[in-house]
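Keep in mind it's a predicted model, so treat the numbers as computed, not measured. Every chain is numbered from 1, with letters handed out A, B, ... down the list of sequences. Only heavy atoms go into these numbers, but all of them, side chains included; no hydrogens, no water, no symmetry mates.
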4 protein chains.
Amino acid sequence: MGRAKTIDEVQLFQETEKLILESGYAGFHFKALSERLGVARSTIYNYYSKKEELITAFMVHLLEQVVENMDRASHAGNPVHALIQLWGRYANIHQMMQVMPYIDKEASPKVQKSVEAMFQLLQQMRSKIKDILIEEQQRGSVREDVPLDTLAGFVMSAVQIPFRHESEEAWADEVYKLIRSGLSA
Amino acid sequence: MGRAKTIDEVQLFQETEKLILESGYAGFHFKALSERLGVARSTIYNYYSKKEELITAFMVHLLEQVVENMDRASHAGNPVHALIQLWGRYANIHQMMQVMPYIDKEASPKVQKSVEAMFQLLQQMRSKIKDILIEEQQRGSVREDVPLDTLAGFVMSAVQIPFRHESEEAWADEVYKLIRSGLSA
Amino acid sequence: MGRAKTIDEVQLFQETEKLILESGYAGFHFKALSERLGVARSTIYNYYSKKEELITAFMVHLLEQVVENMDRASHAGNPVHALIQLWGRYANIHQMMQVMPYIDKEASPKVQKSVEAMFQLLQQMRSKIKDILIEEQQRGSVREDVPLDTLAGFVMSAVQIPFRHESEEAWADEVYKLIRSGLSA
Amino acid sequence: MGRAKTIDEVQLFQETEKLILESGYAGFHFKALSERLGVARSTIYNYYSKKEELITAFMVHLLEQVVENMDRASHAGNPVHALIQLWGRYANIHQMMQVMPYIDKEASPKVQKSVEAMFQLLQQMRSKIKDILIEEQQRGSVREDVPLDTLAGFVMSAVQIPFRHESEEAWADEVYKLIRSGLSA
DNA sequence: CATGAATGAGGCTTCATTCAT
DNA sequence: GATGAATGAAGCCTCATTCAT
C-alpha cells in the first residue's frame, strides 16, 4: 500500500512544461501528467481543481521568471544582446504561449485571475523591450524610422530562429549580429 | 449522375483554415467544421475519411501555393523583399505548421503520404530561400559572416513579426528594412 | 463514364456467400459487397432494399439446393453415405446458418417470408434425414435404442468434422465409417 | 482507499457470456453490457479498455476451465464418456469460439496475448483428446483404421449435437452411445 | 436502372471531473 | 491529503439507407 505519495509542486511544474512542449495543449492531460508524476490522477485535483488552473498557473510562473530576468538584462552593458541571450535560455516560452488561445478563460475565477496576470506580464515584457529600445534610440544606436512596436516585434521574433549551434552563446552571438545589422553585407 | 455536390473542396479548405486558425488543432473537429459548412458531420467523411487526412491535405495545398509563389519571388527585382511580401500574404502558414507535431502521422497511408509531401515542400522552401540568399551574397548584398542556415532562419522568423499596420504592403516594407539592415540607426 | 454496369444476380449470391464465410454477419456490409461487385453501393438497393433481404434470400436459395440434393441422396444405394457426401459438398451451410440468430427477422415483410421459408426448408432437411434413418431402421441397419432426433442430430453434426483430407471423397468415407460404427475397434 | 467496486469480474464475465450467446459478436457492445450491469458505459473501460480485450480475456478464462476439467476427465474410468459429459456442460464454448474469426487480433497487445493463449489452449484441448484416444487404442477399445485427427474431430463435433433431453446426463449417455458404436444396429 | 451525394443512427473511446473511503 | 472507482460529455468513425440526377 506504500505511504501516500505527496506531489512536489516543483516537479509538477517541470512535468507540466515537458508535457506541453512535447505534446502541446491537445496532448496535455491529467492522465499523462499523473503517470509521469507517479500519482493517481485524482490526486492532482487536490492541488489544482481544473486543468486550466494548472496550465495558467504554470504560465504565470514561467513569465514571472522571464520578466525577472529581463530586469537584469536591461541593466547589462549591452541590453539587446542580453535580451537575445535570454531568448536562448527561454526558447520555449514562445511555444508555451502558443497554447494560450485554446484555453477556456472562463473556466473558473482562478483561471481568470491567472489569465489577467499573464496579460499583465506580457505587457511588462513588451514594455521592458520597448524601454530598452527607446534608451538605445536615445543613445543613437537604434533606428527611429520604424515604429517601436515593429521593432519590438522584430526582437521578439528572434525567439523563433532555429537553434543549430554548438552553444546557446554561439546562437545568441549570431542572432545578435543579424538583429543588429540585418542581412546586408 | 448522382446528386449535385453541396460542398466544394475550395470551401472545405477555406473553412478548415479558418477553424484551425481560430481554435487550433485541439479545437478542430469535424463537428465544428460540418456546422460551418451546413452539412452533416458524416458527409465530410465522404471527402476525407480521417481528420488527419483533411488537415494534412490542406497543409500540402497551402505549402504548394507558397512554394509556387516563391518561384515568382525569386525572379523579382528584389527577391528578399518579395519574400517578405509573401510572408505577409501567408502569415498563417507558420501558425498552421505549429499543429504539425500533434498530428498522428500513422493515422492512415494517405496521411503518411501527405506528411512526406509536406516535408519535401518545407525542404524546398528552405532551399529556395537559401538559393536567393546565395545569389545575393554573390552580388555582394548579403553578409557572409553568418552561416547560411541561420540567415535563412532569420528570414523565416520574420513571419512572426506581428501585423499592426494599415496594409500588408506597409508591414512588408517595415519588416524588410529590419531584415535588411537590422536595428542599428 | 462507361456504360452502366448491371449486377449479375448469380455473382451477387456468390460474393454474398464468400463475404459471409470470410467475415461472418458482422463483416457483411453492402459496402464491402459493392466493392467486390464493382458497382456503387446504392445500386444493390435496386435489387434488395435491405441487407436482411439479401442475406435471407441467399440462404433460402442455398437451402433449396441442399434439399434438392437430399432428394437425390435418399434414392442412392447407401443413403447415409450419400448424405455425408452431400455434407462434404455443402460444408459451409452450417457456418451460414450460424448467422441466422443475428438477423432482425422483422426487418421487412420480405425478410419475414424468407425466414419462414428457411424454417420450412430446415424442417424438410431434418425430416428427410429422419425418413432416411427410419427406412434404415426398418432394414435393420440403424439402431433403435436412441431417439430419432438424437440420431438425426448426430448425422448433422458430422458437418463439423474438419476437413484434413486429400479429397472430399476421402473425407466422406472416413466420416461415414465413424458415423456408421463409431469409435470402437 | 478509493470507493468500493460495483462490478466484480465474475459478474462481468457472466454477462459477457450471456450477451455473446444471445446476440453474437455483432450484438456485443459495451453499451448493452453496461445496461445489464447497471453501470455507465465508460465504467467498463476502467476494466477492459477495448471490446476485444474483454472478449478474448473471457474466452481464455472459459478455455482454461475446460482444459482443467479435461484433465480430470482423462483420469476417469471411462475417459471418452467423461469427455462427452464435459461437452454437455460447456456446450457453448463452440458457439463462443465461432466469434473468434471476427476479432481484430491486432487491436492491442493485450488482445494479441490473449489470442495466443487461446490458440495454445485449443492445442492443448486437441492433444488431450488425442492422448485419451491413443490410450484407448492401446487398450484395444478404439479403432485404428481412421486417422487420429479425424477421430478427434469426430469427438469434438459431438458438441454440436442438439440438446433435446431431460438432463445433461441423459444427453451425454445417448451421445456417448453414438460416438462409441455409431448408427449401426 | 445506376450512381454519387447526403445523412442519421449507433457504436467506440478518451478524458475531465466527482465521490467515497 | 491520496486514492481507486464511477461517470458524462464529447469527439471519432462506420454503415445502412434515402434522394436526386
Nearest of [options] to any side-chain atom of [X]?
| X | options | result |
| --- | --- | --- |
| Ser42(A) | dA5(F), dG8(F), dG11(E) | dA5(F) |
| Ala40(D) | dT18(F), dA16(F), dT7(F) | dT7(F) |
| Arg3(D) | dA16(E), dG4(F), dA16(F) | dG4(F) |

More than 12 heavy atoms from other groups under 6.0 Å of NZ on Lys110(D): no
Nearest whole angstrom, please: distance from the [atom2] of [N] to the [atom1] of [X].
| X | N | atom1 | atom2 | answer |
| --- | --- | --- | --- | --- |
| His29(B) | dC13(F) | NE2 | C1' | 15 Å |
| Asp104(A) | dA10(F) | CG | C1' | 15 Å |
| Glu52(C) | dT17(F) | CD | C1' | 12 Å |
| Tyr48(D) | dT13(E) | OH | P | 15 Å |
| Lys5(D) | dC19(E) | NZ | C1' | 17 Å |
| Leu33(C) | dC15(F) | CG | P | 13 Å |
| Tyr47(C) | dC1(E) | OH | C1' | 7 Å |
| Ile55(C) | dC15(F) | CD1 | C1' | 14 Å |

To the nearest 0.5 angstrom, please state how far the CD atom of Glu9(C) sits from the CD atom of Gln14(C).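 Spacing of CD (Glu9(C)) from CD (Gln14(C)) equals 12.5 Å.
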What is the nucleic acid contact for Ile7(B), judged by heavy atoms within less than 4.0 Å: base, sugar-phosphate only, or nothing?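 It contacts sugar-phosphate atoms only.
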OP1, OP2 of [N] versus side-chain N and O of [X]: anything below 4.0 Å?
| X | N | value |
| --- | --- | --- |
| Thr6(D) | dA6(F) | yes |
| Tyr45(C) | dT3(E) | no |
| Lys50(A) | dA16(E) | no |
| Thr43(B) | dT7(E) | yes |

Would you kindly compare Ser49(B) and Gly38(D) by the position of their nearest DNA chain F nucleotide and give the one closer to the 5′ end?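 The residue mapped nearer the 5' terminus is Gly38(D).
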5' precedence on DNA chain F between Arg41(A) and Asn46(A) (nearest-nucleotide basis): Asn46(A)
If you measure from the Lys or Arg side-chain nitrogens to the Asp or Glu carboxylate oxygens, is any gap between Glu22(C) and Arg36(C) under 4.0 Å?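 The answer is yes: the pair qualifies as a salt bridge.
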Under 4.0 Å between a side-chain nitrogen and a carboxylate oxygen: does that hold for Lys113(B) and Glu53(B)? no
5' precedence on DNA chain E between Lys31(D) and Ala32(A) (nearest-nucleotide basis):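 Closest to the 5' end, via its nearest nucleotide, is Lys31(D).
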Provide the Watson-Crick or G-U wobble partner of dA20(E), both distances under 3.5 Å; none if there is no partner.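 dT3(F) is the nucleotide pairing with dA20(E).
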Opposite nucleotide pairing with dT14(E), Watson-Crick or G-U, both atom distances under 3.5 Å: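 Across all strands, the one nucleotide that pairs with dT14(E) is dA9(F).
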Determine whether Leu63(B) and Phe58(B) make a side-chain contact, defined as any pair of heavy atoms from C-beta on separated by less than 4.5 Å. no
Between Tyr48(A) and Phe30(A), is the ring centroid distance below 6.0 Å? no
